[in-house]
Chemist: 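One structure coming up, written as structure tokens, with questions to follow.
All of these numbers come straight from a predicted model, not from anything done at the bench.
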Amino acid sequence: MASATSHTSLSLLPSTSRSRSSLQAVASISSSHFQSVGFRAPLRRLGFSGTAVDPLLVLHVAAKIRGVGIKGVRGVVVSMAKKSVGDLKSEDLKGKKVFVRADLNVPLDDNQNITDDTRIRAAVPTIKHLIGKGAKVILSSHLGRPKGVTPKYSLTPLVPRLSELLGIKVEKADDCIGPEVEKMVAALPEGSVLLLENVRFYKEEEKNDPEFAKKLASLADLYVNDAFGTAHRAHASTEGVTKFLNPSVAGFLLQKELDYLVGAVSNPKRPFAAIVGGSKVSSMIGVIESLLEKCDILLLGGGMIFTFYKAQGLSVGSSLVEEDKLALATSLLEKAKLKGVSLLLPTDVIVAASGIPDGWMGLDIGPDSIKTFSDALATTKTVIWNGPMGVFEFDKFAVGTEVCRNCLPGHPKSVTSKYSLKPIVPRQVRTPWSQVWKEASFSFADLYANDAFGTAHRAHASHASIEEVTKFLKPSVAGFLTHKVAQRYHPMIFTFYKAQQGHLVGSSLVEEDMYKLDLATSLLETAKSKGVSLLLPTDVFIIDKFAADHANNKVCSYALLNYNRGLGIVGVNINRN
Ligand SMILES: Nc1ncnc2c1ncn2[C@@H]1O[C@H](COP(=O)(O)OP(=O)(O)OP(=O)(O)O)[C@@H](O)[C@H]1O
Ligand SMILES: O=C(O)[C@H](O)COP(=O)(O)O
């Protein structure tokens, strides 16, 4: 696929020579990767050639497939010897007080509404099983990372949804230990649930303080851990309590995830890839070392990559670096080589200006890396994933994580992850949102005006109130603000694209008359003859399904807007036929 213009470097970063020299136009990623995402942050190519683009990858993977084919491994799920809640008999549970640690760390909006209840729903089978057998469930969780008692991290907003899903009225305590809680526990009838307050309101929780663990344990007769998302933490309510409660067993969710994980790691369908991201290499040393023994391809992303870059002598600006782990990074790279594991580091990153004047921070992997990673993932049969590729909490740095997620083999079943991707999957994507919105919201109005210019680029998948609504309300018109800005950033580039034979412009604004097309061609030629570097964006941010249906889609002016702001132009390549 070629781009609209030559791959000229665009100097869009602030005027430090280092920045200039390292920024290039994005040109090599297929549009399908970007149908639903948009880049609006600068890109920096890192030139990390040592391990990133691995020409031997295909051969290596083919060799692994041949090697493994002989063993004939087929996606075996290995059962853990650990006891689970399903192993407990009715007589073990009837009338018993069961301390259930779940991970109810759900996202809440500013009004304390749950924006994604996946974790609550995931906890339900275990709780229902227990109450169905006459147990008294003492339900515990953390929410967020509070420092002391913090009302906005109270578990109270979860009570209605929990009650609804369980079909019983869930009681809620204002604390998680102490005489009041003990009283409430004593009053619990069989088959009921008492939700304790956020266990992290006590600093002793994260410190795994034995006294605190003992107090929690004293509330119950036995223990069930179903908090998979928190299973990597040795906290009082996850690890500490097990020293005081017997039996201590896994809940259904934890058991299921462990089965997948153990199956995936000990007996993977090959090629077997591991994706390790997140913020720090220090917290992943053990994971990486152990994965190097097992996997064929190791993809590294997130903040930890900068320690690897720095260890290779590359400049990393103000990005996250663990200075004391440079030697470790080098040794991990060497170990990968030794073990024949294709260790892929991103070759480019998306950067953001930081408060430090001369600094930039790498906050997501860039398009080239995404392409490399996607290609690598396309060859695999098993993937385990821990940690995001970038600062996914911000839309513009969530792209690497999101695109990799979409490339997973057999997505989503073959994946096991400590790191849940659900916070970055817009809720509407997972529900039949067009139907929901059609019935719920759009029926309120007779016609529609969109004046949300700042959100105008959001038509791709998730924002029904911007694009989907227009299918149900006629007329749908621009508000004054949207109209004004659209006029100002008149996307003339598409006339130039069209004038260059063969470029697809979808439904973008083109001045079709031959005069304008000829004019555009002659301007391009004049620029050439005068030796002027006429730079057109090599890619643009589009709305709607550009790749699927070029004819009926529009290309928005965001690239130009960003160009004018000096923010960089990244997004979807302009295709040639
Ligand atoms: N390039 C980056 N620079 C800084 N932070 C990053 C980068 N990429 C990802 N992150 C951050 O990493 C975090 C996730 O990392 P991780 O899974 O290690 O969790 P953590 O909470 O940081 O660490 P832990 O769970 O070990 O306490 C996310 O909050 C994400 O914003
Ligand atoms: O959301 C999560 O990753 C889990 O609930 C664990 O939360 P934590 O990272 O704050 O321990």
Side-chain angles (χ1 to χ4, degrees), residues 84-106 108 112-114 116-143 153-202 205 215-230 235-238 241-242 244-245 247-256:
S84 101
V85 70
D87 299 323
L88 300 176
K89 302 193 180 67
S90 297
E91 55 268 31
D92 300 324
L93 295 171
K94 188 160 169 51
K96 292 286 167 52
K97 292 172 284 179
V98 185
F99 191 101
V100 177
R101 175 56 158 101
D103 185 349
L104 305 178
N105 186 20
V106 292
L108 298 172
Q112 299 284 92
N113 296 309
I114 298 162
D116 188 328
D117 66 357
T118 307
R119 285 183 171 178
I120 303 181
R121 283 187 283 110
V124 164
T126 294
I127 303 170
K128 270 199 167 158
H129 176 78
L130 290 168
I131 57 179
K133 299 233 177 275
K136 305 167 181 183
V137 171
I138 302 157
L139 183 59
S140 165
S141 177
H142 73 287
L143 181 80
Y153 292 120
S154 167
L155 291 179
T156 303
L158 278 60
V159 173
R161 187 66 183 130
L162 253 178
S163 302
E164 190 184 345
L165 288 166
L166 291 170
I168 57 168
K169 185 173 181 310
V170 170
E171 296 297 330
K172 157 85 189 358
D174 291 333
D175 207 333
C176 61
I177 51 169
E180 275 311 305
V181 178
E182 284 160 22
K183 239 187 262 170
M184 291 182 84
V185 170
L188 278 178
E190 286 182 9
S192 61
V193 177
L194 174 69
L195 176 64
L196 302 181
E197 187 49 283
N198 191 339
V199 77
R200 284 195 188 165
F201 282 178
Y202 288 85
E205 160 68 358
K215 283 182 196 162
L216 290 173
S218 72
L219 298 172
D221 302 311
L222 55 112
Y223 176 73
V224 175
N225 186 348
D226 212 17
F228 178 67
T230 324
H235 289 172
S237 67
T238 57
V241 282
T242 63
F244 305 101
L245 285 171
S248 287
V249 300
F252 291 127
L253 173 67
L254 186 62
Q255 178 68 45
K256 189 183 82 184

Chemist: I need the I114 CD1 to R161 CZ distance, nearest 0.5 Å.
Modeler: 7.5 Å
Chemist: Can you find a pair of side-chain heavy atoms, one from L88 and one from L222, that are under 4.5 Å apart?
Modeler: yes
Chemist: Given side chains that start at C-beta, do those of K136 and E190 come closer than 4.5 Å, heavy atoms only?
Modeler: yes
Chemist: If you look at every heavy atom in R200 and E205, which pair is closest and at what distance?
Modeler: CG-CG, 3.9 Å
Chemist: I would like to know whether L216 and C176 meet side chain to side chain contact (heavy atoms under 4.5 Å, CB included); could you show each step before the answer?
Modeler: CA-CA 7 Å; L216 290 173; C176 61; 4.2 Å; yes
Chemist: Under 3.5 Å, is there a donor on one side chain and an acceptor on the other for Y202 and D175?
Modeler: yes
Chemist: Quick one: pull up CG in L165 and CD1 in I120 and give me the separation to the nearest 0.5 Å.
Modeler: 7.0 Å
Chemist: Indicate yes or no: at least one non-hydrogen side-chain atom of V100 is less than 4.5 angstrom from one of L130.
Modeler: yes
Chemist: Using 4.0 Å as the upper bound for N to carboxylate O, is an ion pair formed by D103 and R119?
Modeler: yes
Chemist: Between D226 and L254, is there a donor-acceptor pair closer than 3.5 Å when you use the side chain of the first and the backbone of the second?
Modeler: yes
Chemist: With side chains defined as the heavy atoms from C-beta onward, is the minimum distance between L188 and K97 less than 4.5 Å?
Modeler: no
Chemist: Partners of A122 by side chain to side chain contact (heavy atoms under 4.5 Å, CB included), sequence neighbours excluded?
Modeler: L253
Chemist: State, to 0.1 Å, how close A173 and V181 come at their nearest heavy-atom pair, and which atoms those are.
Modeler: CB-CG2, 4.2 Å
Chemist: Any side-chain donor paired with an acceptor under 3.5 Å for T238 and R101?
Modeler: no
Chemist: About how many Å separate CG of L166 and CD1 of I127, when rounded to the nearest 0.5 Å?
Modeler: 5.0 Å
Chemist: Considering non-hydrogen atoms only, spot the tightest contact between L245 and A220 and give its length.
Modeler: CD2-O, 3.3 Å
Chemist: Run the side chain to side chain contact (heavy atoms under 4.5 Å, CB included) check on L143 and L108 step by step: do they pass?
Modeler: CA-CA 10 Å; L143 181 80; L108 298 172; 3.7 Å; yes
Chemist: Starting from the C-alpha separation in whole Å, work towards a yes-or-no answer on side chain to side chain contact (heavy atoms under 4.5 Å, CB included) for V193 and L162.
Modeler: CA-CA 10 Å; V193 177; L162 253 178; 5.7 Å; no
Chemist: Just verifying a value: how many Å separate D117 CG and E164 CD, rounded to the nearest 0.5 Å?
Modeler: 8.5 Å
Chemist: Are T230 and N105 close enough that some pair of their side-chain heavy atoms sits under 4.5 Å apart?
Modeler: no
Chemist: State, to 0.1 Å, how close I138 and L219 come at their nearest heavy-atom pair, and which atoms those are.
Modeler: CD1-O, 3.3 Å
Chemist: Out of S248, P247, S237, which residue meets the side chain to side chain contact (heavy atoms under 4.5 Å, CB included) rule with Y223?
Modeler: S248
Chemist: Report the C-alpha distance between V224 and T126 in whole Å, list the side-chain angles of each, state the deciding distance to 0.1 Å, and finish with yes or no for side chain to side chain contact (heavy atoms under 4.5 Å, CB included).
Modeler: CA-CA 9 Å; V224 175; T126 294; 3.9 Å; yes
Chemist: If you define the side chain from C-beta out and look only at heavy atoms, does anything of S140 sit under 4.5 Å from F99?
Modeler: yes
Chemist: To the nearest 0.5 Å, tell me how far K96 NZ sits from S90 OG.
Modeler: 11.5 Å
Chemist: Any side-chain heavy-atom pair from K133 and K89 closer than 4.5 angstrom?
Modeler: no
Chemist: Please check if the number of heavy atoms outside K172 that lie under 6.0 Å from its NZ is greater than 12.
Modeler: yes
Chemist: Any donor and acceptor pair, going by atom type alone, linking the side chain of E197 with main-chain N or O of L155 inside 3.5 Å?
Modeler: yes
Chemist: Is there a side-chain contact between L195 and L104, using heavy atoms and a 4.5 Å cut-off?
Modeler: yes
Chemist: Considering non-hydrogen atoms only, spot the tightest contact between V98 and A135 and give its length.
Modeler: CG2-CB, 3.8 Å
